[in-house]
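Input: a single structure, listed below in structure tokens.
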Amino acid sequence: MNVGKHVEEILKKQGKSAAWLASEIPCERTNVYNIFKRKSMDVRLLMRISVILDHDFFAELSREAFPKSK
């Protein structure tokens, strides 16, 4: 999974903008666009984004790594 691209997809599905996410993180909007380009990212940043978007990216990564696990 390209984590940054997936964050961007979830953000768009929720009807939220990069500027909105930047204000929530907080960071500059240009940094959010850099996040969208990342194939991987720091766990703490991903946790913060998960909480902000109320989306469990970790569960998705786990299912990808262990597709046959329950």
Side-chain angles (χ1 to χ4, degrees):
M1 169 191 315
N2 182 319
V3 177
K5 188 166 184 69
H6 193 52
V7 167
E8 182 179 20
E9 290 168 359
I10 298 302
L11 186 70
K12 286 182 180 182
K13 281 183 185 177
Q14 292 184 3
K16 297 174 179 156
S17 68
W20 176 87
L21 183 58
S23 70
E24 294 294 311
I25 289 179
C27 70
E28 296 293 323
R29 187 183 54 170
T30 55
N31 290 343
V32 171
Y33 291 118
N34 288 333
I35 289 170
F36 295 161
K37 295 176 186 175
R38 296 180 188 177
K39 292 183 181 181
S40 62
M41 70 180 68
D42 179 77
V43 171
R44 289 179 192 254
L45 176 58
L46 186 58
M47 184 183 323
R48 183 151 178 81
I49 292 171
S50 294
V51 170
I52 291 167
L53 295 179
D54 192 28
H55 186 87
D56 192 348
F57 292 98
F58 293 96
E60 293 177 339
L61 288 167
S62 182
R63 282 192 300 271
E64 183 178 294
F66 306 101
K68 296 183 181 186
S69 296
K70 295 179 182 178

With sequence neighbours left out, the residues meeting side chain to side chain donor-acceptor pair (under 3.5 Å) with Glu28 are none
Between Pro26 and Ser23, the two heavy atoms sitting closest are CB-O, 3.8 Å
- Query: More than 12 foreign heavy atoms under 6.0 Å from CG of Asp54: is that the case here?
  - Reply: no
Any carboxylate oxygen within less than 4.0 angstrom of a Lys/Arg side-chain nitrogen, looking at Lys12 and Glu8? yes
CD (Glu24) and NZ (Lys16) are apart, to the nearest 0.5 Å, by 8.0 Å
Besides Ile25, the hydrophobic cluster formed by Ile, Leu, Val, Met, Phe, Trp and Tyr side chains linked at under 4.5 Å, directly or via other members, contains Met1, Val3, Val7, Ile10, Leu11, Trp20, Leu21, Val32, Tyr33, Ile35, Phe36, Met41, Val43, Leu45, Leu46, Met47, Ile49, Ile52, Leu53, Phe57, Phe58, Leu61
In this structure, CD of Glu64 is separated from NE2 of His6 (nearest 0.5 Å) by 9.5 Å
